[in-house]
Amino acid sequence: MLLYNITSIIDDTAADSWLKWMEDVHIPSVMASGKFVSHRLLRVLDSPNEGVTYCAQFVVEHMADYLDYQQNFAPALQKEAQVLFENKAVSFRTLMEYIA
């Protein structure tokens, strides 16, 4: 099992619209890819950054599914976020393996 984590730092002025977009559009689109078995969206309470920090997490069972998502689905979804929230959000992605 793998955890795909996207940490996003959102400008205060765009935080509400970003959150609504994530809940209504982005997360459903990611899950519709059929590559992930579950997801969660968290707000970071003790972030040292200005703005609002969120973590969107998606659980994937197999590396092949993650790689397929990265090749065939992620580019368009990431582009949409860049266009909608240009200069209002920055994101970085990590892939983690469950140990225990």
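Heavy atoms only: backbone and side chains are in, while hydrogens, waters and symmetry mates are out.
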A.B. asks: Working note: Leu19 + Leu41, criterion side chain to side chain contact (heavy atoms under 4.5 Å, CB included); need CA distance, chi angles, decisive distance, verdict.
C.D. replies: CA-CA 9 Å; Leu19 181 59; Leu41 181 61; 3.6 Å; yes
A.B. asks: Can you tell me how far the CH2 atom of Trp21 sits from the CD1 atom of Ile10, to the nearest 0.5 Å?
C.D. replies: 9.0 Å
A.B. asks: Just how far is it from atom OG of Ser29 to atom CG of Asp24, taken to the nearest 0.5 Å?
C.D. replies: 10.5 Å
A.B. asks: Passes side chain to side chain contact (heavy atoms under 4.5 Å, CB included), Phe58 versus Lys35? Steps please.
C.D. replies: CA-CA 9 Å; Phe58 300 90; Lys35 303 303 175 184; over 6 Å; no
A.B. asks: Hey, any chance Leu95 and Ile27 share a hydrophobic cluster, counting ILVMFWY side chains that come within less than 4.5 Å of each other, even indirectly?
C.D. replies: yes
A.B. asks: Same cluster or not: Met63 versus Ile6, using hydrophobic residues (I, L, V, M, F, W, Y) connected whenever any side-chain heavy atoms lie under 4.5 Å apart?
C.D. replies: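 Met63 and Ile6: one cluster.
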A.B. asks: Give every donor-acceptor pair under 3.5 Å between a side-chain atom in residues 43-55 and any protein atom, sequence neighbours left out.
C.D. replies:
| from | atom 1 | to | atom 2 | distance (Å) |
| --- | --- | --- | --- | --- |
| Ser47 | OG | Asn49 | N | 3.1 |
| Ser47 | OG | Asn49 | ND2 | 3.1 |
| Ser47 | OG | Thr53 | OG1 | 3.0 |

A.B. asks: Restricting to non-hydrogen atoms, name the atom on Ala14 and the atom on Lys88 that form the minimum distance, rounded to 0.1 Å.
C.D. replies: CB-CB, 3.8 Å
A.B. asks: Would you indicate whether the side-chain heavy atoms of Tyr4 and Arg93 approach each other to under 4.5 Å?
C.D. replies: yes
A.B. asks: Just so I know, are the side chains of Glu61 and Leu2 near enough to count as touching, which here means a heavy-atom distance under 4.5 Å?
C.D. replies: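 Not in contact.
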A.B. asks: Measure across Met31 and Phe36 and return the closest heavy-atom pair with its distance rounded to 0.1 Å.
C.D. replies: CE-O, 3.6 Å
A.B. asks: Within a 6.0 Å radius of atom CG on Asp16, are there more than 12 heavy atoms belonging to other residues, nucleotides or ligands?
C.D. replies: no
A.B. asks: Under a 4.5 Å cut-off applied to non-hydrogen side-chain atoms, are Asn5 and Thr7 in contact?
C.D. replies: yes
A.B. asks: Which hydrophobic side chains are connected to Val37, either touching it within the sub-4.5 Å cutoff or through other members that do?
C.D. replies: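 Hydrophobic cluster check, Val37: joined to Met1, Leu3, Val59, Met96, Tyr98.
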A.B. asks: Angle class for the Tyr69/Phe73 ring planes (parallel below 30°, perpendicular above 60°, tilted otherwise)?
C.D. replies: parallel
A.B. asks: So, for Met22 and Ala56, which heavy atoms are closest and what is the spacing to 0.1 Å?
C.D. replies: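 Taking every non-hydrogen atom into account, CE-CB, 3.7 Å.
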A.B. asks: I would like to know whether His39 and Val30 meet side chain to side chain contact (heavy atoms under 4.5 Å, CB included); could you show each step before the answer?
C.D. replies: CA-CA 9 Å; His39 74 278; Val30 172; over 6 Å; no
A.B. asks: If you round to the nearest 0.5 Å, how far is CD of Glu80 from CD of Gln78?
C.D. replies: 11.5 Å
